[in-house]
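Some notes on the structure that comes next.
To find a chain, count down the sequence lines: A is the first, B the second, and so on, and within it residues start at 1.
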Protein chains: 2
Amino acid sequence: MSKRPVSLKTLAQVLNVSISTVSRALRNHPDISPELTQRAQQLARELHYSPNPLAIGLLKNATRIIGVIVPALVTHFFASIISGIESVAIERGYYIVIRCSYESFEKEQECLANLLQLRVEGIIMCLSQETSTYAHFDPLLAADIPLVFFDRVCRPAEVPTVVVDNQAAACGITRHFAAQGRRRIAHIAGPPALNISQERVLGYREGLAAAGLLFDAQLLELSDLSADSATAATQRLLALPQPPDAIFGVNDTTAFAAMKEIKRQGRRIPADVALVGFTDEYHATVVEPMLTSVMHPTFEMGRTAALLFLEQATGPVPPRQVVLATQLVVRESSL
Amino acid sequence: MSKRPVSLKTLAQVLNVSISTVSRALRNHPDISPELTQRAQQLARELHYSPNPLAIGLLKNATRIIGVIVPALVTHFFASIISGIESVAIERGYYIVIRCSYESFEKEQECLANLLQLRVEGIIMCLSQETSTYAHFDPLLAADIPLVFFDRVCRPAEVPTVVVDNQAAACGITRHFAAQGRRRIAHIAGPPALNISQERVLGYREGLAAAGLLFDAQLLELSDLSADSATAATQRLLALPQPPDAIFGVNDTTAFAAMKEIKRQGRRIPADVALVGFTDEYHATVVEPMLTSVMHPTFEMGRTAALLFLEQATGPVPPRQVVLATQLVVRESSL
DNA sequence: TTTTTCTTCGCAAACCTTTGCGCAAAGGTT
DNA sequence: AACCTTTGCGCAAAGGTTTGCGAAGAAAAA
């Protein structure tokens, strides 16, 4: 298509020496005379020579590309994590190729296969919401291709992961509610297959116990992390004979949807129902009332995931499980 | 690092034929006997052979990678556009590599050079806020590397672009305000170098004229698209002897910041000051009052940009300028 | 039988880079 | 004068794929 860029061959012809000599000259090989080295580097600059990564990749069997698979792109959470991954990738001379699974197990498999075809050097990903079997990662592990999970993880014994302290955070939220005098604390949970859902439910129950409250199955609702399902869950909760006086959403999308529904029904936040989200999207501060939420170190999470990849890429080391601390940011919605 | 995957060579050795024969067999070349073709394809499946894109890329001088440069990743707007680009890229067998300029002209140049080193087949990008000279695109044009701009554009005579009807939309907002009886309509504009800022200011003035209102320079404030600068601009506007009764923000970030400041000063929206944003981020519906805004077809914008790239990639055609329609979504903040 | 025509495959070059090895000329040592 | 070392460079292979051309063998035509 576009004309071929200048190669070592071009330089060699101009300098009237062999290709291998030019190659050495550019890399300051001691075998090459200072004058020729000088001339070659000078010419390379003038002609804007840059080594062809495909040729090097072919030779070294390394593309310097990291594949990244996210369930969704259009969220503060994932965009910020990608941003973190990108930042360390750049520092270390890697490129990242993004693929989106759209929360679909099937698409997740497609993305995986697709990125492997590209010969990525590793994959950093977050499981889709539908993913509940994990055999599709076998080929990666068998081929020694570094794999890193973040947030939603599996097979932690084999694959390095970076997650947040979900259970502790969820416990903290529940205890925060209890400390405000709330007694009927509800939780809108996520898909049961996901570790994040499980851990947050665990933390929720731990918090209840710590506050001396009994677990009430009616107050534990399920959602698929979407606004619609969260709205439905909220409606069911509010329709209870004894509706909750506090709701803890599994993420901020859930909490925003709950907030809308609560307000739509003319109930006051936090007077009638206190509300807390999870993830701390940027807009938590712009809604009214401002949403109490669990701040995730998203950028840091991305950076850590990338560093875990680098760790695996340099030498095969045992998989590390990094747990990042979150912080409960208390705002108007839960006071 | 990781072991080399199976290549044509591997297959050739097993089948006891030459590499070129296997290559032809897999591509159903008529020169190869049906039985051998059959056997080769069978074996390729069993061994999970997939052609090495580096080798093909080297041969064809094509990486099937599109470089994408955005000023920021962590926004609904850009994430959604990237999503659109990705969707058509996948359909056409391309990969996308994302780079972020962080609104910096210097970083924009770095990203550009970096992606060119990777030998991307084209670049789809949005100008950084600081970018006001455009010579750094010369090498691309000279090398016939397809380039596409979206939203913030330049050199439209040479480079295909996809934008929204900024002036018409801005005019529409202003007239909407006027129709509600507003008389002192302010605009918080963006960096003057950007086409989007210029066009929206033009539309603003066009709308004023159409409504029979005089332009008042005091009511035209500048921002750098950040929340902080928008807050400052809002403070200046509200401190005016005759403060505005309507504010039109150059984007939703600006509008959100303005909303916070207006509320902080104890003024009512829309009673005292009506407010309209631009871009319709998802959270426009969750703030209180819900924000009137201009809905952008962001996903469509990404898709269009990718299609424009494909257009350039197949054959050099004159650059097209695509203008997408927006829609003013009227909500509580301006009624 | 000899020549022509298919059929079916292999050789080699090209894309670009790196690197082990070899080789020539120049200088130095005995 | 004969030998050894250094200096400075080229050859060739390797990595995986595609493709024009040549070639061997078989079948068909003369």
Side-chain angles (χ1 to χ4, degrees), chain A residues 1-41 43-44 47-65 93 116-121 143, chain B residues 1-41 43-44 47-65 93 116-121 143:
Chain A
M1 202 85 305
S2 53
K3 27 189 172 300
R4 291 200 173 262
V6 357
S7 67
L8 286 183
K9 192 178 186 177
T10 322
L11 303 183
Q13 283 166 349
V14 176
L15 293 169
N16 211 17
V17 295
S18 78
I19 292 178
S20 45
T21 301
V22 180
S23 172
R24 291 190 170 90
L26 295 186
R27 323 179 89 237
N28 289 309
H29 193 287
D31 268 9
I32 307 299
S33 70
E35 318 94 83
L36 183 55
T37 299
Q38 169 73 27
R39 281 202 300 142
Q41 298 189 350
L43 186 68
L47 268 47
H48 299 105
Y49 167 79
S50 85
N52 189 323
L54 281 77
I56 299 182
L58 194 55
L59 197 65
K60 301 258 176 78
N61 192 26
T63 52
R64 298 209 76 77
I65 295 180
L116 287 183
Q117 276 185 24
L118 182 61
R119 307 302 207 255
V120 294
E121 287 192 35
Chain B
M1 201 83 302
S2 54
K3 28 188 170 299
R4 290 200 175 261
V6 358
S7 67
L8 286 183
K9 193 177 187 177
T10 322
L11 303 183
Q13 283 167 349
V14 176
L15 293 170
N16 212 19
V17 295
S18 78
I19 292 178
S20 46
T21 300
V22 180
S23 171
R24 291 189 170 92
L26 295 185
R27 324 178 90 237
N28 289 309
H29 193 288
D31 268 10
I32 307 299
S33 71
E35 317 94 84
L36 183 55
T37 300
Q38 169 73 27
R39 281 201 301 144
Q41 298 189 350
L43 186 69
L47 268 48
H48 299 105
Y49 167 79
S50 84
N52 189 322
L54 282 79
I56 299 183
L58 194 55
L59 196 65
K60 301 258 177 77
N61 193 26
T63 51
R64 297 210 75 79
I65 296 179
L116 286 183
Q117 276 185 23
L118 182 60
R119 308 301 207 253
V120 295
E121 288 193 34

Can you tell me if the side-chain N/O atoms of [X] get under 4.0 Å from OP1 or OP2 in [N]?
| X | N | value |
| --- | --- | --- |
| A:Lys9 | C:dC15 | yes |
| A:Ser23 | C:dT18 | yes |
| A:Arg27 | C:dT18 | yes |

In whole angstrom, give the distance that lies between atom [atom1] of [X] and atom [atom2] of [N].
| X | N | atom1 | atom2 | value |
| --- | --- | --- | --- | --- |
| B:Tyr49 | D:dT18 | OH | P | 6 Å |
| B:Arg24 | D:dT19 | CZ | P | 9 Å |
| B:Gln117 | C:dC16 | CD | P | 17 Å |
| B:Leu58 | C:dC15 | CG | C1' | 4 Å |
| A:Asn16 | D:dC9 | CG | C1' | 13 Å |
| B:Ile56 | C:dC16 | CD1 | C1' | 16 Å |
| A:Leu8 | C:dT19 | CG | P | 12 Å |
| B:Leu15 | C:dT8 | CG | P | 16 Å |

When only distance counts, do a donor and an acceptor, one from the side chain of A:Ser18 and one from the base of D:dC11, lie under 3.5 Å apart? no
Tell me whether the side-chain N or O atoms of B:Ser20 pair up with the base of C:dC11 as donor and acceptor below 3.5 Å, since no angle test is needed here. yes
Measure the [atom1]-[atom2] distance between [X] and [Y] for me, rounded to the nearest 0.5 Å.
| X | Y | atom1 | atom2 | value |
| --- | --- | --- | --- | --- |
| A:Leu15 | A:Thr10 | CG | OG1 | 10.5 Å |
| A:Asn61 | B:Asn52 | CG | CG | 7.5 Å |
| A:Leu36 | A:Arg24 | CG | CZ | 12.0 Å |

With a 4.5 Å heavy-atom cut-off, do [X] and [Y] have their side chains touching?
| X | Y | answer |
| --- | --- | --- |
| B:Gln41 | B:Asn28 | yes |
| A:Arg64 | B:Leu118 | no |
| A:Val22 | A:Leu43 | no |
| A:Ile65 | A:Glu121 | no |
| A:Leu26 | A:Leu8 | yes |
| A:Arg119 | B:Pro5 | yes |

Check DNA chain C against residues 28-40 of chain A and give the residues with a non-hydrogen atom under 4.0 Å, in numerical order. none
Whichever of B:Ile19 and A:Ala55 has the more 5' nearest nucleotide on DNA chain C, that residue is B:Ile19
Taking for each residue the nucleotide of DNA chain C bearing the nearest heavy atom, is the 5' side occupied by B:Leu59 or by B:Arg119? B:Leu59
Report for the helix from C:dT1-D:dA30 to C:dT30-D:dA1: angle between first-end and last-end helix axes, five pairs each, rounded to 10 degrees. 80°
Within a radius of less than 6.0 Å around NE2 of A:His48, do more than 12 heavy atoms belonging to other residues, nucleotides or ligands occur? no
